[in-house]
Amino acid sequence: MTKRINSPDTEADIMLRKCLDRTPRTSFVMIAGAGSGKTTSLVKALSHLVSTKSNELRRKGQQVACITYTEIAAKEIRNDVANSPLVHVSTIHSFLWTIGSPFQKDIKKWVIQRIAEKCLEIQEKINKPRTRTRDRLVLELDRLKSQLGIVESLHYFNYGTGSNYAKGILGHDDIIKLVTSLIEEHKMLKAIISQKYPYIFVDESQDTFPNIVSSLKLVDHIFGKDFCLGFFGDPMQKIFPTGIGEIAIENSWERITKPENFRCSQRVLKTVNAIRKPADGLEQTRGRFEIIEGKEFPVEGSSQIFILPINDFRTSNVKRVQQWSTHKFDDDSWLLDDKIKVLVVVHRMAAKRLGFPNLYSAMNDNSPSSFKDGLLDGTAWPLKPFMNFVLPLINLHSSNLNFEVLNILRAQSPKLTKNILKGDDLRISLAELKKGVDRLAEMMRSDSTATVLDVLKIIQEYEMTSLDERLLDHLNETNLVETDEDDDENLKATEISSMQNYFACPANEFLGYKKYCDNESPFATQQGIKGAEFDKVITILDDDEGTNNLFSYDKYFGISSLSDVDKKNIAEGKDNVISRTRRLFYVSCSRARKDLIVIYFTSNVPEALRLISETGIFQKESIFLEKDLASIIIADNL
Ligand SMILES: Nc1ncnc2c1ncn2[C@@H]1O[C@H](COP(=O)(O)OP(=O)(O)OP(=O)(O)O)[C@@H](O)[C@H]1O
C-alpha cells in the first residue's frame, strides 16, 4: 500500500466514508485549501469503495470513475489504488470519449451540424458589405461544403489531438462539446453513465469546464438515487480561464471541508495563508510535521523573498540566490537540479538554459494567445505532431524498441489505419514508413540543422501521422483567410507570422522543450505544477520576461497601475488580473514542503520593498535585496 493510503484519517475522511456508505447515494463537494489532502482523501475514498463494494461492482460490471487533470496525475492515482480494475482513472477527454464513442451515428450528425454552423458563420462574413477577403472566404466555404460530403460517407470517427473532420478525427475541444451535448440530449446516455459508473469523482474540479459539470449534474439529477458525483477542488487554485472555479452545491449534496495543511512547513504556511487572506480569508492550520525518534515535530522550514532589479543578469542572479542559500542553510542541495524546483510564469529564462529559445520566441512573441498558453504545457496545436508523435517515436527508435515504434505507426499512420493492408501491400507500406522513421531520427539529432518545416514535410511525405487541418493549411499555404479589417486584432495575420517563425525553428529544440514539459528539468511553470509538491521551491516573478497579460505580479504588488479594463473587471466583481495573479502565486508558493524562495524581478526595487513589507506575506527579516548577494560571485554567463 502506498503512503497516501497510509496517511492518518482526518475528520473529512471519516465524513466522506459515511457519505459513500449512504443509501440512497449522496453526491458531495470536498472543498479545501492547498496541501489539505484532497487527493489523499480521494484515493482513500476509492480504496474504501473497492473494499466495501467490490462484489456489487463486479456483479453489475461497474467501475468507479476518477477524472484527473493530467495523465501524470492519473498514473499516480492508479498506482495508489494498486491498479484495481474496479477503478477507471483517466483524464477528462479520454473519459468523455469512452462514454461517447459508441454513439457513432450521433457523432456523425453532430459533426455535420458543426460544419454547417461554421459555413453559416463564414456566409455571414461574406454578406458583410465591408468584407475585403470575400474571395478567400468563398474558397473556405467551398472547402467546408466539400467536407460535408466526405463526412457523410464516413463510418467511424476517432479521437485525436486536433480535429480533422474529413479524416474522421475529433480533437480535444470538439470531444468536450460533442460528448457534453450528447449527455444533455440523450436520457439513455445519462442512464448508461450512471449504470456503468455509479461513482464519478473529479479531482482539481476548479479547473473543470462548466459544461462538463452541468452535464454530470444532469445525470445526478435524474439518477441520483443510485449515483454519486464527487468533486474535489479549491476555487483559489483555479488557474485556467476556462475552469469553473467554485462548484455550486445542490440541495441534497454534502459539503466536506478540511481545515489543515499537511504539506507546507510552518514558515511556508504563514506565507501561503497571508497570500490567501484578501481572497477568502481561509487560514489553514497545522502545517507539516516530521517524526523524529518516534515523536512528531512541526517542520519549521523557511520562506524568503529576494527583490532584484530587471537587468541583464537575471539568470546569473538566480544562480547567486541558489549559492547564497547553500551558505545560509549550509545545504548544497540548493545547487542540485534534482533537489529544487524553479517555478516561472513564462519560460524565456528556462527556454534559454534548456536550449529552445527560438521555439519559445516563435510561439510566444506576438503570437495568438492560444499559442502562448499552449506553449506552457505543450498543448498548442502546432506543437502536437512533435509532442504526440515525433518525440515518442524517436525516443523508442533510439532505444531500438521496434515493436513499440510499430504500435505508434499502427495507431497513427493513415497508411495503416485507413486501409486494412495485407501481404505485400503491408510489407511495402511498413518499409516506406521505416524509411520515414529513420529520416526523422536523423533530423532530430542534436547536431542536425533540420527545421520544424523539414520534419513536418517528411511526416506528410511518408503519411506517418495525420496532421491537424490548421497545420496543413499553413504547410500547404491554403485557406489562410485573414480576418476582416473591422476585427480588433488581425488574428489570422498573427497566426501566419508565428507559424512562419515556428516552421523555421531548429527541430531539435524540441528535445529541450520536451524535458521541460516532462518536468525533467528543475524548471516548471507556475501554471503546470498543480497537485505537485517539492521540498525546495524557487518561484520567479518576472513580468518583463512574459507577454502573458492574464497575470501581472507588478500589478498584484501595486508597482504598476491597473488598466481601465482591469479597473472595470474589479468594479464589476469579475475575475481580474489581481485575483488571477494571486491564485497563481498561491498555487506556486503552496507547492513547497519545506523551503520557499521567491525571486521578484522588478523595475522599481525601493517601491516593491515598501509595498511587499506592508503585505505581511514575508517576515521583514526574510526580505533580501541585491546587496545581500554582493559577496556571491559567479560567472555571468551561467
Ligand atoms: N491525513 C494526513 N496526514 C498526514 N499527511 C497527509 C494527510 N493527508 C495528506 N497528507 C500529505 O499532505 C500532502 C498534500 O496532500 P494532497 O496532495 O493530497 O493535498 P491536496 O489537497 O490534493 O493538495 P493541492 O490542492 O495543493 O494540490 C501530501 O504530502 C500528503 O502525503
Side-chain angles (χ1 to χ4, degrees), residues 1-17 29-48 66-70 72-77 79-81 89 201-208 230-240 243 245-247 256-266 268-269 271-273 275-276 279-280 282 284-291 296-299 301 341 343 519 524-537 539 583-594 596:
M1 276 292 157
T2 63
K3 245 170 77 182
R4 262 181 179 144
I5 295 274
N6 293 334
S7 297
D9 269 348
T10 57
E11 258 179 54
D13 294 325
I14 297 165
M15 205 168 152
L16 179 50
R17 277 205 293 270
V29 173
M30 179 176 279
I31 174 167
S36 55
K38 293 180 294 299
T39 308
T40 307
S41 292
L42 184 154
V43 166
K44 285 177 167 218
L46 293 174
S47 150
H48 177 69
C66 172
I67 298 168
T68 61
Y69 205 78
T70 61
I72 298 175
K75 258 192 209 150
E76 272 180 24
I77 293 181
N79 231 349
D80 282 337
V81 293
V89 193
F201 296 162
V202 182
D203 201 11
E204 305 281 359
S205 57
Q206 70 279 357
D207 273 317
T208 311
F231 292 103
F232 298 73
D234 177 11
M236 186 67 191
Q237 293 185 66
K238 178 179 115 119
I239 294 294
F240 298 102
E246 185 144 6
I247 309 257
I256 304 174
T257 56
K258 305 188 89 180
E260 312 91 340
N261 176 319
F262 292 101
R263 173 185 298 138
C264 304
S265 64
Q266 302 301 316
V268 174
L269 182 55
T271 291
V272 165
N273 279 340
I275 296 172
R276 185 160 187 151
D280 62 7
L282 180 88
Q284 289 181 297
T285 56
R286 196 181 191 275
R288 188 171 198 81
F289 276 66
E290 61 191 344
I291 297 176
E296 265 203 331
F297 293 93
V299 176
K341 206 71 192 170
L343 304 181
N519 294 331
T525 58
Q526 292 168 31
Q527 295 89 324
I529 37 82
K530 284 188 335 159
E533 56 184 31
F534 315 94
D535 280 344
K536 293 178 167 58
V537 169
T539 293
R583 293 199 301 267
L584 190 63
F585 194 35
Y586 177 79
V587 170
S588 47
C589 292
S590 62
R591 300 307 101 195
R593 272 195 291 245
K594 187 165 176 284
L596 169 71

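Note that ligands are numbered from 1 as they come in the structure, with each ligand's atoms numbered from 1 the same way.
Below 4.0 Å from some heavy atom of G531 lie the following atoms of ligand 1, by number and element: 27 (O). Applying the 4.0 Å criterion to heavy atoms of E533 picks out, from ligand 1, the atoms 13 (C), 14 (C), 28 (C), 29 (O). Heavy-atom proximity to S36, at under 4.0 Å, picks out these atoms of ligand 1: 19 (O), 21 (O). Close approach to T40 involves these atoms of ligand 1, each under 4.0 Å from a residue heavy atom: 8 (N), 9 (C), 15 (O), 16 (P), 18 (O), 30 (C).
Of the options E260, R263, K258, M236, the smallest heavy-atom separation from atom 23 (O) of ligand 1 is shown by R263. Within the set F232, F289, F262, the minimum heavy-atom distance to atom 7 (C) of ligand 1 is found for F262.
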One pair to check against side chain to side chain contact (heavy atoms under 4.5 Å, CB included): D280 and R276. What are the steps and the verdict? CA-CA 7 Å; D280 62 7; R276 185 160 187 151; 2.9 Å; yes
Given side chain to side chain contact (heavy atoms under 4.5 Å, CB included), test S7 with K44 step by step and report yes or no. CA-CA 9 Å; S7 297; K44 285 177 167 218; 4.3 Å; yes
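An N or O contact shorter than 3.5 Å is missing between K530 and ligand 1 by distance. Note: an N/O pair closer than 3.5 Å links R591 and ligand 1 by distance alone. Of the polar atoms of A532, none of the N or O atoms is found under 3.5 Å from an N or O of ligand 1, judged by distance alone. Checking only distances, A34 never comes within under 3.5 Å of ligand 1, N or O to N or O.
A side chain to side chain contact (heavy atoms under 4.5 Å, CB included) with F232 holds for exactly one of T40, L16, I247; it is L16.
Heavy-atom distances between T10 and ligand 1 reach below 4.0 Å in at least one pair.
In Q237, the part holding a heavy atom less than 4.0 Å from any atom of ligand 1 is the side chain.
Rounded to the nearest 0.5 angstrom, S47 OG and R17 CZ are separated by 9.0 Å. How far CD of E533 is from NZ of K594: 14.5 Å, rounded to the nearest 0.5 Å. Within the model, atoms OG1 of T70 and CD1 of I529 stand 12.0 Å from one another, a figure rounded to the nearest 0.5 Å.
With a 4.5 Å cut-off on side-chain heavy atoms, Q237 and K530 do not count as touching.
The minimum heavy-atom distance between G37 and K258, with the atom names listed, is O-NZ, 2.9 Å.
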